[in-house]
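See structure below.
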Amino acid sequence: MAIRSLKTGQFSRSTLVGNPVIMPGSYESIATVSVGSGGATSISFTSIPSTYTHLQIRTIQRAVDNVSGDHPYIRVNNDTATNYSWHRLSGSGTTATASSASTQDEMRYGYNTADGSYSSSIFTGVIIDILDYSNTNKYKTFRFLSGADNNGSGYIDFESGLWQSTSAITRIDLAPFQGNFAQYSHFALYGVN
Amino acid sequence: MPAGKTYTPLATTTLSSAAASVTFSSISGSYTDLVIVVNASFQNNTPMYIRFNGDTTNTYSETFILGTGSAASSGRYTASGLGGNGILVDNWNGTSGFPSTDISGNAFINIQNYSNTTTYKTALIRAGNAGTWTASAVGLWASTAAINSIVIRPFSGNINPGSTFTLYGILAA
């Protein structure tokens, strides 16, 4: 049976067995950046409100340059100190590989992202979860799922990342390994309550 | 400025009897991403495919990573390998597909920028068959067409009753 909020008019369903659980109002779009014809050396989400519990970034992205092992990266709150680390599980289509890095000045993600070596209409899909981003008692944990398939090549990546700071996240910058994000790359930031 | 609440349920199918496939049609182009949540079991130990806009041509390919509890592996299917069936969602490398018992397999399928008519379509998939395997994959549909229909089907046999498939739309600001 559908339940409709008198306040918002939004429908939800009961959590009885057989009904999917729907949590209206718990996922909200905050900001979007679309890369234009000139490309972009980086994209930024600034003045992120602290009113959510978690953040999610959903993107399709492509680097203009053709670099082996191309990987974009994230920085938080303009922090360029060695406060970042990550662990990655990557599938190349032939081999599953684990890797990690610590005390880095950036958080890399999406090994071998779509770039100039991929067919021109292929973009890497990326979903980034940032947990408890405004909690000033915790270091910040990131979770990545990303991949691009190029019909005979490509990668699928899982990754967890750490920003060793208890500061609330108010700014996120993403950039390709080198050069620009290509036109039609698209980045959307969401808040989760 | 926030654009407001999103992650909208667009359609849900819960099978009351066995079915050869599940279809989401007339999908609105007004969202940014689609998410499909699957909790299902099949009559046969067989792959599950997702096919877009009724396209049966060799335009699907994917790369996957798989864990069976004893080993991690990676593989891929090219367009000729998938042969127009669609993007494979389970039974990678010939391991068990979705179970035929009361314990369902599950899949979470993200289709990014599905209505973008400039880019090919990328699907990020996480799936698992409890007690047997867990996996993730990236699938490509080499078409710039906006996705307006999705068919989900096992390669052979039927989907068992009680299986659920839910389609969500996510709208960016």
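Within every chain, numbering begins at 1; the chains are lettered A, B, ... in the order of the sequence lines, protein sequences first and strands thereafter.
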Structural part of A:S47 lying under 4.5 Å from a heavy atom of chain B: neither
Linked, directly or transitively: A:Y27 and B:V35 (ILVMFWY side chains, under 4.5 Å): yes
B:N53 (side chain) donor-acceptor with B:S149 (main chain) under 3.5 angstrom: yes
Check: A:F45 ring centroid to A:F187 ring centroid under 6.0 Å: no
Residue part contacting chain A, namely of B:T63, when any heavy atom lies under 4.5 Å: both
Main-chain N/O of A:R62 paired with A:S185 side-chain donor or acceptor, under 3.5 Å: yes
Pick from A:A148, A:S153, A:A188 with the largest number of heavy-atom pairs that fall under 4.5 Å of chain B: A:S153
Donor-acceptor pair, side chain of A:Y52 and main chain of A:S26, under 3.5 angstrom: no
Check: A:Y190 ring centroid to B:Y7 ring centroid under 6.0 Å: no
Top contributor to chain A contacts, counting heavy-atom pairs under 4.5 Å, from B:L140, B:V37, B:L82: B:L140
More than 12 heavy atoms from other groups under 6.0 Å of OH on A:Y184: no
Chain B contact via A:A98 - which portion, at a heavy-atom distance below 4.5 Å: neither
Whether A:Q104 side chain and A:S102 backbone form a donor-acceptor pair below 3.5 Å: yes
Options A:A96, A:G93, A:S146, A:G91, ranked by heavy-atom pairs under 4.5 Å with chain B, top entry: A:G93
Proximal component of A:F158, with respect to chain B [non-hydrogen, under 4.5 Å]: side chain
Under 4.5 Å from a heavy atom of chain B, the part of A:I127 involved: both
Donor-acceptor pair, side chain of A:S165 and main chain of A:S167, under 3.5 angstrom: yes
Side chain to side chain contact (heavy atoms under 4.5 Å, CB included) between B:T166 and B:T13, intermediate numbers included: CA-CA 6 Å; B:T166 304; B:T13 297; over 6 Å; no
Nearest heavy atoms of A:P49 and A:I30, plus distance in Å: CD-CG2, 4.3 Å
B:S74 side chain vs B:F64 backbone, donor-acceptor pair below 3.5 Å: yes
Main-chain N/O of A:S92 paired with A:T95 side-chain donor or acceptor, under 3.5 Å: no
Heavy-atom contacts under 4.5 Å, residues 116-126 of chain A to chain B: A:S121, A:I122, A:F123, A:G125, A:V126
Under 4.5 Å from a heavy atom of chain B, the part of A:T97 involved: neither
Chain B contacts, top residue of A:N150, A:L145, A:L189 (heavy-atom pairs, under 4.5 Å): A:L145
Donor-acceptor contact below 3.5 Å, side chain A:K140 vs main chain A:N135: yes
Residues 74-90 of chain A: residues contacting chain B (heavy atom under 4.5 Å, by number): A:L89, A:S90
